[in-house]
S.K.: 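Here it is: the structure, laid out below.
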Amino acid sequence: MKHVVVGTAGHIDHGKTSLVKALTGTDTDRLPEEKARGITIDLGFAFLEEPGGLTIEIVDVPGHERFVKNMLAGVGGIDLAMLVIAADEGVMPQTREHLAICSLLHIKSGLVALTKTDLAEPDWMELVQEDVRALVDRTFLAGCAIVPVSVKTGAGLDELRTALADLARAVPARSTDQTPRLPIDRVFTVRGFGTVVTGTLASGRLAVEDKVEVYPRGVASRVRGLQVHGRPVESAAAGQRTAVNLQGVERAAIERGDVVAAPGALVPTLLADATVELLADAPRPLKGRDRVRFHVGTQEVMARILLVDRQQLEPSETSYGRFRLEAPIIALPGDRFVIRSYSPMVTIGGGTLLDIAPPRFKRKAPALLAHLALLHTGTAAEVLEEHLKQAGPAGARAADLRARTPFGPEALRQLLDSGVKSGAAVAVDREWYLHRDANDRLRSQTLSLLEAFHAEYPLRAGISREELRSRAGNAQERVFSQLLTSLEAEGVVKSDRDQVRLGAHSIRLSPEQERVVSGLETDFRQSAAAPPSPEEALGRLGVKGTEKHELFQLLVADRRLVRVKESLYFHAQALQSIQEQLVAYLKEKKEIGPAGIKDLLGVSRKYAIPLLEYFDAQRVTVRQGEHRVLRAP
Ligand SMILES: Nc1nc2c(ncn2[C@@H]2O[C@H](COP(=O)(O)OP(=O)(O)OP(=O)(O)O)[C@@H](O)[C@H]2O)c(=O)[nH]1
Ligand SMILES: [Mg+2]
């Protein structure tokens, strides 16, 4: 099954709607006002079923110059253009404007239907054909079929239909790897069903029950039902005109221009960098800060343009620009857009979106120009690397990269994998990536912080992990974890509980420091169950200080001294043997009170109570009234 979308284009009254009706039997002018005035105001839809599973979807657009805005919403998703020119009138202003719009949107091919041939003499027909050739000459329609038709006589209709089908068969299939995106062109309510939106599914696949989000307002919903050509379907694929019944969404919460896509797949933006080309027949140069109408997908948003490398853009020039949008747009890099001047309302140019999360704007900044040139002309791998570079030390989530690159999930996954293989990127995990330079910087910063720390505190075993992380520019938690893990795997860094040190670091003591440390240790070991206070112990060795003294803390960090409570430390071995005594006692006597422990260890209350509390905290014992019993294993 193949679906190809054809959009009509052309000047008002040239016979677009009549031609669609003659081809499909569908009158696409539905509105009473359209009927009354005999003109098309808004988009109309019809389709043709061709042999071999080919469906040609037709979007009929208005030709009136006041409704170009509606025309733009319709041609955003088309594959082929059918430029309709009335033989009796020939090329007219909206013939040119619609052709320019299709060119700007990079529509790949199409044809010209030279209609109302019943109203033109053969000589006249020849002149018009020449005009048409000259018109399309340097456009995507160069060399295209020009099919004379008449709706009145039916002449040429079969030829037209065949020509359309031939073109449609040649249109390459749309990628379904992309995330589903449906730019909404109509919203209405159906009694008993609720809100229904329609649009051309630009990419991916949508299925009934899929969770979706309506952007930019972030309305969460679910696909309650899908229709293609008025028939319910289980799923719709890229290129199909699709009606989506959205669960639990108010009609008023959605409008034309919004986009239905997978939850979290897209990011609304108020800034977008892009290539900007001005049409050769634009009425005047485009100046920095000019206000324009920005059309992308089915959206129209007002915007101001900033030109990156010049004061103004002359007709037929192309450059880079930033759009400051007055309402968020929903688009992906690679999307084409059209700009129209604020007044008069004429199409003046367009371009390709390059970056929807652009860096700070600086005019004439070589860095910004290089960034944009890379996004514009770089290979997919280079573009991805550029985005990772921009993400800096925090790295980027794969989901964010998906929303900011034109690749599609599967291609992005492969690009990330090969980036990691080539060393351009570091995988923090499957969902988080970092540019090599950022990783290298964080790595050397972390190592020099450790060196500096060891130099400043030679007697400390290491720095706390949290402190190190915060000193390393408050590194992103997952990024930092991954760095430490890989440094440890290399043996460059060692971690002990939450202490981090260089693998090469060891504490070296002077003979005097050695004397104090071993003196302290001996003192505590010998005092066993009745240890001195830290001040006392240090004092006996001729050193002034408290438990905060670095040599005292060295023994604590080394777990040779154990803190039982503030200023009360026991030698680890002493504490171990107290525990053994206590456990043996409890096994026999079942319980012990404060007096019991005083007797058992031969110590005063000052030690007995903290010890009992300590063993409770260690989950050796448990309190029962005034007594302790062994905690059940
Ligand atoms: N004689 C003749 N009249 C035609 C032919 N095709 C269309 N018309 C007439 O031309 C008028 C305009 O036709 P439409 O099909 O509404 O033109 P349109 O291009 O859709 O107009 P807009 O949508 O408003 O831009 C109608 O009165 C049609 O009957 C044709 O082949 N021969
Ligand atoms: Mg019409």
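Just follow the structure's listing: the first ligand is 1, and inside any ligand the first atom is 1. Keep in mind that this is a model prediction, so the values were computed, not measured. All residue numbers in this chain count up from 1 along the given sequence.
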S.K.: Between G44, G38, G10, A9, which one has a non-hydrogen atom sitting closest to atom 16 (O) of ligand 1?
M.R.: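 Going through G44, G38, G10, A9 one by one, G38 has the nearest heavy atom to atom 16 (O) of ligand 1.
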S.K.: For the Mg ion (ligand 2), which protein N/O/S atoms are closer than 2.8 Å?
M.R.: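 T17 OG1, T40 OG1, with waters left out.
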S.K.: If you measure from each non-hydrogen atom of T115 to ligand 1, which part falls under 4.0 Å: side chain, backbone, both or neither?
M.R.: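 Under 4.0 Å from ligand 1, T115 contributes side-chain atoms alone.
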S.K.: Run the numbers for me: atoms of ligand 1, each under 4.0 Å from some heavy atom of D118, listed by number.
M.R.: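 Under 4.0 Å from D118, ligand 1 has these atoms: 1 (N), 2 (C), 30 (C), 31 (O), 32 (N).
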S.K.: Under 4.0 Å from atom 31 (O) of ligand 1, is there at least one protein heavy atom?
M.R.: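 For atom 31 (O) of ligand 1 the answer is yes, since some protein heavy atom falls inside 4.0 Å.
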S.K.: May I ask you to list the atoms of ligand 1 that are less than 4.0 angstrom from any heavy atom of L119?
M.R.: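 Result: 1 (N).
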S.K.: Looking at ligand 1, does any of its N/O atoms fall within less than 3.5 Å of an N/O of G63?
M.R.: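 For ligand 1, there is an N or O atom that lies under 3.5 Å from one belonging to G63.
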S.K.: Identify the protein heavy atom lying closest to atom 17 (O) of ligand 1, giving its residue, its atom name and the separation to 0.1 Å.
M.R.: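 Atom 17 (O) of ligand 1 sits closest to the protein heavy atom G15 N, 3.1 Å.
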S.K.: Are any of the N/O atoms in T40 less than 3.5 Å from those in ligand 1?
M.R.: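 N/O-N/O distance under 3.5 Å: yes.
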S.K.: Answer yes or no: does an N/O atom from D60 fall short of 3.5 Å to an N/O atom of ligand 1?
M.R.: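 No; every N/O pair is 3.5 Å or more apart.
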S.K.: For ligand 1, does D29 get within less than 4.0 Å through its side chain, its backbone, both, or neither, judged by non-hydrogen atoms?
M.R.: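 For D29, no heavy atom sits under 4.0 Å from ligand 1.
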S.K.: Within a distance under 4.0 Å of any heavy atom of S150, pick out the atoms of ligand 1 and give their elements.
M.R.: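 Checking each atom against S150, I get 31 (O).
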S.K.: Is the distance from the ring center of Y320 to that of H376 below 6.0 Å?
M.R.: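 Under 6.0 Å, so yes.
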S.K.: Quick one: which ligand 1 atoms are inside 4.0 Å of a heavy atom on I39?
M.R.: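 In order of number, 24 (O).
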